[in-house]
Amino acid sequence: MKQATHAENELGTNVPAKPILPAWIMGGSVSETLETAGFASGSALALLHVVLHDPSINVPCELLRNRLALRAAVHCLKLEGRAQTEADIRDAYLLTAADDAMGPAGDMLALWKAGSAISFRHRQSPETGWRERLRALLPEDMQEHFPNWMEQAEDAPGTPIAKAAALLSNMVQSFPRQEAVALLCADIILARSLGWNAPLPLFGFHLKRDALRAAANGGDILIPGHAAVAHAAQDTVRLAHDLARRAGRLRAIAPKLRSRGSDEAINLFLSEDAVLPSSMLSPTIRGSSTTMTPRSARRFCERLIELGVIRELTGRSSFRLYGVA
């Protein structure tokens with residue numbers, strides 16, 4: 001029997017076909033050998049690269065990074081034995097007063113958001129600036145080892161995933177409880193080796209606990225590393241297409257908005273996973289110098305909900321958060 005293709009399954013719907021890898025690449029054999037694992041990860045990364053750089057798809061990359069940072073935070077908290085949901089983590093990060101501690105959940109999201117925002121092609125100090133920013137995210141007792149770890153990883157032979165896996169292994173062997181930081185550094189080296197402008201959390205939301213324990217004990221994690229990146233990259237392709245569709249709807253209604261600061265506010269929704277109007281739209285729209293009153297911010301969000309392009313994320317009557325619909 002002829003197996004229906006993904007495009008055929010989507011035929012007749014209003015949702016464009018999303019390219020996914022066939023089962024013979026992403027099936028149960030992904031983790032069986034280095035050859036099959038490497039083929040799967042290479043295929044998935046190549047597909048992801050095309051999606052990210054195709055102007056006809058127009059992926060909102062900042063929004064994608066922030067959504068993946070939230071998923072990485074959930075995964076890493078689970079590795080630490082914590083069971084916070086995405087909603088819990090958003091609240092801890094966005095609703096904590098400026099002078100108060102965010103707690104483990106908020107701190108974890110802050111780590112991944114800061115790491116995912118590192119650019120390799122910043123106008124100032126392009127070759128060293130990103131290293132300094134990454135080093136500052138590490139705990140103090142890890143910072144002295146950081147230059148040596150990075151030098152070994154960048155000079156190591158092999159594929160980008162091999163470099164990232166080697167870095168991760170070196171870090172967790174010395175600091176087995178700093179798994180989240182090691183995963184972040186692995187994703188940054190992976191992106192750097194692939195020639196991307198900025199990292200995407202891939203290791204960070206898909207590498208399993210067993211692989212991290214094996215790495216801490218000196219085991220070879222190249223096969224599980226390839227498998228994790230293969231699955232994470234394909235999941236990211238699906239998410240990228242979904243966010244591109246949602247972002248397209250949001251951009252399309254922008255000309256209908258006549259309120260002051262609407263363009264800046266739309267740009268914020270296209271970059272942030274969740275927007276808290278009281279601090280991110282008012283008194284000044286984040287990332288701009290445009291002011292907006294609290295009342296205007298509330299009415300702006302209500303208008304976008306009416307137009308069907310954003311949604312309220314919490315279900316609460318107060319302390320509401322909004323994101324693309």
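In this chain, residues are counted from 1 in sequence order. None of the values given here were measured: they were computed from a predicted structure. Because only heavy atoms are used, hydrogens play no part in the values below, and waters and symmetry mates are left out as well, while side chains stay in.
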(message) Just checking E35: does its CD atom have more than 12 heavy atoms from other residues, nucleotides or ligands closer to it than 6.0 angstrom?
(response) no

(request) Answer yes or no: are there more than 12 heavy-atom neighbours, outside E86 itself, under 6.0 Å from its atom CD? (result)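 Check passes, neighbour count above 12.
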
How far apart are the closest heavy atoms of [X] and [Y], and which atoms are they?
| X | Y | value |
| --- | --- | --- |
| A297 | L281 | CB-CB, 3.9 Å |
| V181 | P139 | CG2-CD, 4.1 Å |
| A37 | I223 | CB-O, 3.9 Å |
| I305 | E312 | CD1-N, 4.3 Å |
| M26 | A230 | CE-O, 3.6 Å |
| A244 | V59 | CB-CA, 4.2 Å |

About how many Å separate [atom2] of [Y] and [atom1] of [X], when rounded to the nearest 0.5 Å?
| X | Y | atom1 | atom2 | result |
| --- | --- | --- | --- | --- |
| M171 | S169 | CE | OG | 11.0 Å |
| L52 | N197 | CG | CG | 10.0 Å |
| L270 | L64 | CG | CG | 12.5 Å |
| M102 | L109 | CE | CG | 8.0 Å |
| S278 | L95 | OG | CG | 8.0 Å |
| L184 | C76 | CG | SG | 8.5 Å |

Is there side-chain contact between [X] and [Y], with heavy atoms separated by less than 4.5 Å?
| X | Y | value |
| --- | --- | --- |
| W112 | L70 | no |
| L313 | R320 | no |
| L202 | T236 | yes |
| T284 | M292 | no |
| S296 | S259 | no |
| L21 | V237 | no |
| V172 | Q178 | no |
| L257 | F300 | yes |

Establish whether [X] and [Y] are linked, either directly or via other cluster members, by ILVMFWY side-chain heavy-atom contacts under 4.5 Å.
| X | Y | value |
| --- | --- | --- |
| L48 | V30 | no |
| V50 | L200 | no |
| F319 | L321 | yes |

(message) R316 vs D91, test: salt bridge (Lys or Arg N to Asp or Glu O under 4.0 Å). Steps then yes/no.
(response) CA-CA 12 Å; R316 295 186 295 245; D91 282 356; 2.8 Å; yes

(request) Could you tell me whether the side chains of S262 and E264 share a donor-acceptor contact shorter than 3.5 Å? (result) no

(request) Assess the side chains of R90 and T314: does a donor N or O sit below 3.5 Å from an acceptor N or O? (result) no

Looking at [X] and [Y], does any basic side-chain N land under 4.0 Å from a carboxylate oxygen?
| X | Y | answer |
| --- | --- | --- |
| D242 | R246 | yes |
| D187 | R192 | no |
| R209 | E80 | no |
| E132 | R135 | no |

(request) Start with the C-alpha distance between S271 and L63, add both sets of side-chain angles, then the distance that settles side chain to side chain contact (heavy atoms under 4.5 Å, CB included), and finish with yes or no. (result) CA-CA 4 Å; S271 62; L63 178 57; 5.6 Å; no

(request) Determine the interplanar angle of the H206 and H231 rings, folded into 0 to 90°, and report it as parallel if under 30°, tilted if 30 to 60°, perpendicular if over 60°. (result)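 The rings of H206 and H231 lie parallel, inter-plane angle below 30°.
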
(message) Set out, in order, the CA-CA distance, both residues' side-chain angles and the distance that settles side chain to side chain contact (heavy atoms under 4.5 Å, CB included) for I25 and T36, then state yes or no.
(response) CA-CA 8 Å; I25 294 178; T36 56; over 6 Å; no

Closer than 3.5 angstrom, by distance alone: can the side chain of [X] be matched with the main-chain N or O of [Y] as a donor-acceptor pair?
| X | Y | value |
| --- | --- | --- |
| D235 | A232 | no |
| D100 | T96 | no |
| H75 | F203 | no |
| D54 | S56 | yes |

(message) With side chain to side chain contact (heavy atoms under 4.5 Å, CB included) as the criterion, how do L190 and L194 come out once you've worked through the C-alpha distance, each side chain's angles and the decisive distance to 0.1 Å?
(response) CA-CA 6 Å; L190 175 62; L194 291 170; 3.9 Å; yes

(message) Set out, in order, the CA-CA distance, both residues' side-chain angles and the distance that settles side chain to side chain contact (heavy atoms under 4.5 Å, CB included) for N58 and R251, then state yes or no.
(response) CA-CA 11 Å; N58 198 13; R251 294 187 187 101; 3.3 Å; yes

(request) Determine, step by step, whether E306 and R303 satisfy the salt bridge (Lys or Arg N to Asp or Glu O under 4.0 Å) criterion, reporting the C-alpha distance in whole Å, the side-chain angles of both residues, the deciding distance to 0.1 Å, and the verdict. (result) CA-CA 5 Å; E306 290 174 0; R303 175 62 173 151; 3.6 Å; yes

(message) Is the distance between the ring centroids of F175 and H145 under 6.0 Å?
(response) yes

(message) Checking side-chain hydrogen bond (donor to acceptor under 3.5 Å, both in side chains) between D273 and each of R65, R67, R71, K113, which is the one that passes?
(response)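 Of all the options given, the one that passes is R67.
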
(message) Between R131 and E154, does the salt bridge (Lys or Arg N to Asp or Glu O under 4.0 Å) criterion hold? Intermediate values first, please.
(response) CA-CA 12 Å; R131 291 184 180 86; E154 293 190 307; 2.8 Å; yes

